[in-house]
Chemist: 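Take a look at this one; I'll ask things after.
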Amino acid sequence: MTRPPLDLVPADMPASPLIHNPLNGVTGGIWGTRRDGRPAVLKLITPPVGGSGPAHWAASEDPGHWNYWRREVEAYASGLATTCWADAGLVAPELLAVDERADGTVALWLAEVDGPPGTAGTVDDLAEVARRLGAGHADWLAGRGPRAASPVRYDWLARDWLRDYTLSRPVTEPVPWDHPVAVAAWPGQLRDDLSGLWERRHAVLAATDRLPRTLCHHDLWPANLVFADDGPVLLDWSFVGPGPIGEDAANLVLDTFFDGLVDVALLADVADAVLDGYLTGMRGAVDPALVVRAVRLTGAAKYFWLAPVMLNRAGGATGQTYDGRDEAAMFAGRRPVLELLTRWAAEAMG
């Protein structure tokens, strides 16, 4: 959909499509436009439609499902998105309006956030996001601030996002660990480590179950950040729900580099800075050694499926490709991040 429906944005009003995941059945489109004379972002939320998009990105009617179609609408309408970590200095865009449409879709109107995108952030910027995130997680653990009005009453929060999302990724076995593109890009030890991580996936997830739990965003990465003048703003609350400490911080490190949006030469600096920032924010809430283990463990849990999916797709073997992106370059570019992932797994699991 190149333009939003005319009942939402008249033909004579500018509307620029914004980048989003086109595979996700929840999102009908996102546009930068105007509402009531001010810059706005319009997000069209769509209910489940049979046969629309790949099954592993299908929208769900189940409020606890990892991809429940109305979750972001509810997160804004309830005030959770805009208040849950506000005391820690991490906020969501202002909600302008929610329009329930006759065709069953929902128009979510948000104030446009002015500032550099997260992909333009420095190492220090990401460390500061992690510090605020840690403070927000600590508040929830301690029952401070907005935690006093616990969201357990919200049945639309993701029930077990980390497990449900990761186990829904489309991996076909046996995984071709010796595929030529992998052999060319990944040393034998890395392939062995990735294979071992895949085989231990259920044990890794079980280990995350024993971590302290907090409120998680579940999709914290630079594409969902804007660095406004008065502090970072966190976008896309479609996956919000309870989860283990460390998960959001781990994702901020790993997903910053997996899609090549930030120079991978900064990986070690970002990993150290995000961990240090998160530890600072969490200070006094959880033993620091457990926080470090949680980041490493949840990072391994979040991406144990990625290498198998890459290998399934290699050479178009499953009919899914990388949309014209250079396959060999992608395998080579992700090598340092996957090496970090397997190190984290080894250190966390022993």
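Heavy-atom basis, side chains included; hydrogens, waters and symmetry copies ignored.
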Chemist: Mind checking the CG-CG spacing from Asp255 to Leu220? Nearest 0.5 Å is all I need.
Modeler: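 Rounded to the nearest 0.5 Å, the CG-CG separation comes to 9.5 Å.
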
Chemist: Step by step, would you call Val106 with Leu44 a side chain to side chain contact (heavy atoms under 4.5 Å, CB included)?
Modeler: CA-CA 6 Å; Val106 181; Leu44 190 62; over 6 Å; no

Chemist: I want to check something: taking the side chain as every heavy atom from C-beta on, are Leu266 and Phe257 in contact at a cut-off of under 4.5 Å?
Modeler: yes

Chemist: Taking the six-membered ring for Trp, are Trp85 and His137 closer than 6.0 Å centroid to centroid?
Modeler: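 So the answer is yes for these two rings.
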
Chemist: Once rounded to the nearest 0.5 Å, what's the spacing between atom OG1 of Thr208 and atom CD1 of Ile245?
Modeler: 11.0 Å

Chemist: Check the hydrophobic clustering (I, L, V, M, F, W, Y; side-chain heavy atoms under 4.5 Å; chains of links allowed) and say if Val183 and Val175 are grouped together.
Modeler: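 No, Val183 does not connect to Val175 through the hydrophobic network.
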
Chemist: Do Tyr278 and Asp248 come within less than 4.5 Å of each other through their side chains, counting heavy atoms only?
Modeler: no

Chemist: Starting from the C-alpha separation in whole Å, work towards a yes-or-no answer on side chain to side chain contact (heavy atoms under 4.5 Å, CB included) for Ser78 and Tyr154.
Modeler: CA-CA 9 Å; Ser78 67; Tyr154 297 142; 3.7 Å; yes

Chemist: Decide yes or no for Leu297 and Trp344: does some side-chain heavy atom of the first lie under 4.5 Å from some side-chain heavy atom of the second?
Modeler: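 SC-SC contact between Leu297 and Trp344 ruled out.
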
Chemist: Specify the closest pair of heavy atoms between Leu23 and Trp57, including all atoms of both residues, with the distance to one decimal.
Modeler: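 Result for this residue pair: O-CB, 3.2 Å.
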
Chemist: Is there a path of hydrophobic side-chain contacts, each under 4.5 Å between heavy atoms of I/L/V/M/F/W/Y residues, joining Leu80 to Leu133?
Modeler: yes

Chemist: Give the intermediate values and the outcome of side chain to side chain contact (heavy atoms under 4.5 Å, CB included) for residues Val123 and Val274.
Modeler: CA-CA 8 Å; Val123 173; Val274 166; over 6 Å; no

Chemist: Strictly by side-chain hydrogen bond (donor to acceptor under 3.5 Å, both in side chains), give each pair with a member in residues 104-119 just once, sequence neighbours left out.
Modeler: Asp99-Trp109, Arg101-Thr105, Asp103-Thr105

Chemist: Write down the atom of Thr2, the atom of Pro17, and the distance for their closest heavy-atom approach.
Modeler: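 Looking at all heavy atoms of both residues, the closest pair is O-CG, 3.5 Å.
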
Chemist: Check for me, please, whether Leu197 and Leu190 land in the same ILVMFWY cluster - side-chain distances under 4.5 Å, paths through other members count.
Modeler: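 They do share one cluster, since a chain of ILVMFWY contacts under 4.5 Å joins Leu197 to Leu190.
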
Chemist: Can any side-chain N or O of Arg191 pair as donor or acceptor with the backbone N or O of Trp186 at less than 3.5 Å?
Modeler: yes

Chemist: Backbone N or O of Lys302 within a donor-acceptor pair of the Trp305 side chain at under 3.5 Å?
Modeler: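 Pair found, side chain donor or acceptor close to backbone of Lys302.
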
Chemist: With a 3.5 Å distance limit and no angle check, can you tell me whether Thr33 reaches the backbone of Pro14 through a side-chain donor-acceptor pair?
Modeler: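 Indeed, once roles are kept as given, a pair shorter than 3.5 Å links the two residues.
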
Chemist: Grab the two heavy atoms, one from Ala58 and one from His65, that are nearest each other, plus how far apart they are.
Modeler: O-CE1, 4.4 Å

Chemist: Starting at CG of Asn312, measure out to CE of Met310 and round the result to the nearest 0.5 Å.
Modeler: 11.5 Å

Chemist: Rounded to the nearest 0.5 Å, how far apart are CG of Asn21 and CD1 of Ile19?
Modeler: 12.0 Å

Chemist: Does the pair Glu128 and Arg132 meet the rule for a salt bridge (charged side-chain N to carboxylate O under 4.0 Å, His left out), with working shown?
Modeler: CA-CA 6 Å; Glu128 178 60 16; Arg132 297 181 187 216; 2.8 Å; yes

Chemist: Which residue, Tyr165, Trp161, Trp237, forms the ring-ring contact (aromatic ring centres under 6.0 Å, His included) with His218?
Modeler: Trp161

Chemist: Report the C-alpha distance between Glu339 and Arg334 in whole Å, list the side-chain angles of each, state the deciding distance to 0.1 Å, and finish with yes or no for salt bridge (charged side-chain N to carboxylate O under 4.0 Å, His left out).
Modeler: CA-CA 9 Å; Glu339 288 175 333; Arg334 287 180 173 176; over 6 Å; no

Chemist: With heavy-atom distances below 4.5 Å as the criterion, would you say the side chains of Val233 and Leu225 are in contact?
Modeler: no

Chemist: Taking the side chain as everything from C-beta on, heavy atoms only, tell me whether His217 gets closer than 4.5 Å to Asn224.
Modeler: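 Touching, per the 4.5 Å side-chain cut-off.
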
Chemist: Quick one: does Leu338's side chain get under 4.5 Å of Leu340's, heavy atoms only?
Modeler: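 Sidechains of Leu340 and Leu338: no contact.
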
Chemist: Answer with yes or no whether the hydrophobic clustering places Leu108 together with Trp69; edges join I, L, V, M, F, W, Y residues whose side-chain heavy atoms lie under 4.5 Å apart.
Modeler: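 Yes, because Leu108 and Trp69 connect within a single hydrophobic cluster, where side-chain heavy atoms sit under 4.5 Å apart.
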
Chemist: Scan side-chain atoms only and decide if Ser195 and Asp192 contain a donor-acceptor pair under the 3.5 Å cut-off.
Modeler: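 No, Asp192 and Ser195 have no side-chain donor paired with an acceptor closer than 3.5 Å.
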
Chemist: With the side chain counted from C-beta on, respond yes when Ile30 and Leu42 share a heavy-atom pair under 4.5 Å apart, and no when they do not.
Modeler: no

Chemist: Just by modelled atom types, is the His56 backbone N or O under 3.5 Å from a matching donor or acceptor in the Arg169 side chain?
Modeler: yes

Chemist: Which value, rounded to the nearest 0.5 Å, describes the distance between Leu215 atom CG and Leu157 atom CG?
Modeler: 6.5 Å

Chemist: For the residue pair Ala92 and Tyr76, what are the closest heavy atoms and their distance?
Modeler: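 Nearest pair, atom of Ala92 first, then Tyr76: CB-OH, 3.7 Å.
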
Chemist: Would you tell me whether Ser238 and Glu72 have side-chain atoms, one donor and one acceptor, within less than 3.5 Å of each other?
Modeler: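 Judged by distance alone, the side chains do pair up.
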
Chemist: Under 4.0 Å between a Lys/Arg side-chain N and an Asp/Glu carboxylate O for Asp276 and Arg131?
Modeler: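 Between Arg131 and Asp276 there is no salt bridge, as every charged N stays at least 4.0 Å from the carboxylate O atoms.
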
Chemist: Would the distance check show the side chain of Thr46 and the main-chain N or O of Val26 forming a donor-acceptor pair, the cut-off being under 3.5 Å?
Modeler: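 Judged by distance alone, yes, a pair lies under 3.5 Å.
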
Chemist: Rounded to the nearest 0.5 Å, what separation is found between the CG atom of Asp219 and the CG atom of Leu252?
Modeler: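 The CG atom of Asp219 sits 11.0 Å away from the CG atom of Leu252.
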
Chemist: Checking Trp156 against Trp66 for the ring-ring contact (aromatic ring centres under 6.0 Å, His included) test, could you report, in this order, the C-alpha distance in whole Å, the side-chain angles of both residues, the deciding distance, and whether it holds?
Modeler: CA-CA 10 Å; Trp156 44 261; Trp66 72 267; over 10 Å; no

Chemist: Do Glu247 and Asn251 pair up side chain to side chain, a donor and an acceptor below 3.5 Å, judged on atom types alone?
Modeler: no

Chemist: Heavy atoms only: give me the nearest Phe331-Ala314 pair and the separation to one decimal.
Modeler: CZ-CB, 4.3 Å

Chemist: Say whether, by atom type as modelled, one donor and one acceptor occur between the side chain of His20 and the main chain of Leu18 under 3.5 angstrom.
Modeler: yes

Chemist: Backbone N or O of Val73 within a donor-acceptor pair of the Arg70 side chain at under 3.5 Å?
Modeler: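 Absent.
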
Chemist: Using a strict cut-off of less than 4.0 Å between a Lys/Arg side-chain nitrogen and an Asp/Glu carboxylate oxygen, indicate whether Arg71 and Glu74 qualify as a salt bridge.
Modeler: no

Chemist: Knowing that exactly one of Leu205, Val295, Leu211 qualifies, which makes a side-chain contact (heavy atoms from CB on, under 4.5 Å) with Pro244?
Modeler: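 Exactly one candidate clears the test, Leu211.
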
Chemist: Does some side-chain heavy atom of Val204 sit less than 4.5 Å from a side-chain heavy atom of Met349?
Modeler: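 A side-chain contact under 4.5 Å exists here.
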
Chemist: For Arg159 and Asp62, what are the C-alpha separation, side-chain angles and deciding distance, and is it a salt bridge (charged side-chain N to carboxylate O under 4.0 Å, His left out)?
Modeler: CA-CA 10 Å; Arg159 184 170 43 240; Asp62 174 6; 2.8 Å; yes

Chemist: Would Asn24 and Asn67 count as having a side-chain donor-acceptor pair, cut-off 3.5 Å?
Modeler: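 Looking only at side-chain atoms, Asn67 and Asn24 do form a donor-acceptor pair, the distance falling under 3.5 Å.
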
Chemist: Taking Leu90 as the starting point, is it possible to reach Leu235 by hopping between hydrophobic residues whose side chains are less than 4.5 Å apart?
Modeler: no

Chemist: If we ignore hydrogens and angles and just use 3.5 Å, is the side chain of Trp31 paired with the main-chain N or O of Val9 as donor and acceptor?
Modeler: no

Chemist: Where do Thr256 and Leu261 land on the side chain to side chain contact (heavy atoms under 4.5 Å, CB included) test, with the steps shown first?
Modeler: CA-CA 7 Å; Thr256 290; Leu261 301 180; over 6 Å; no

Chemist: Can Asp209 and Arg163 be said to form a salt bridge (charged side-chain N to carboxylate O under 4.0 Å, His left out), step by step?
Modeler: CA-CA 9 Å; Asp209 292 337; Arg163 173 175 279 97; 2.8 Å; yes

Chemist: Do side-chain atoms of Asp139 reach the backbone of Gly136 as a donor and acceptor pair under 3.5 angstrom?
Modeler: no

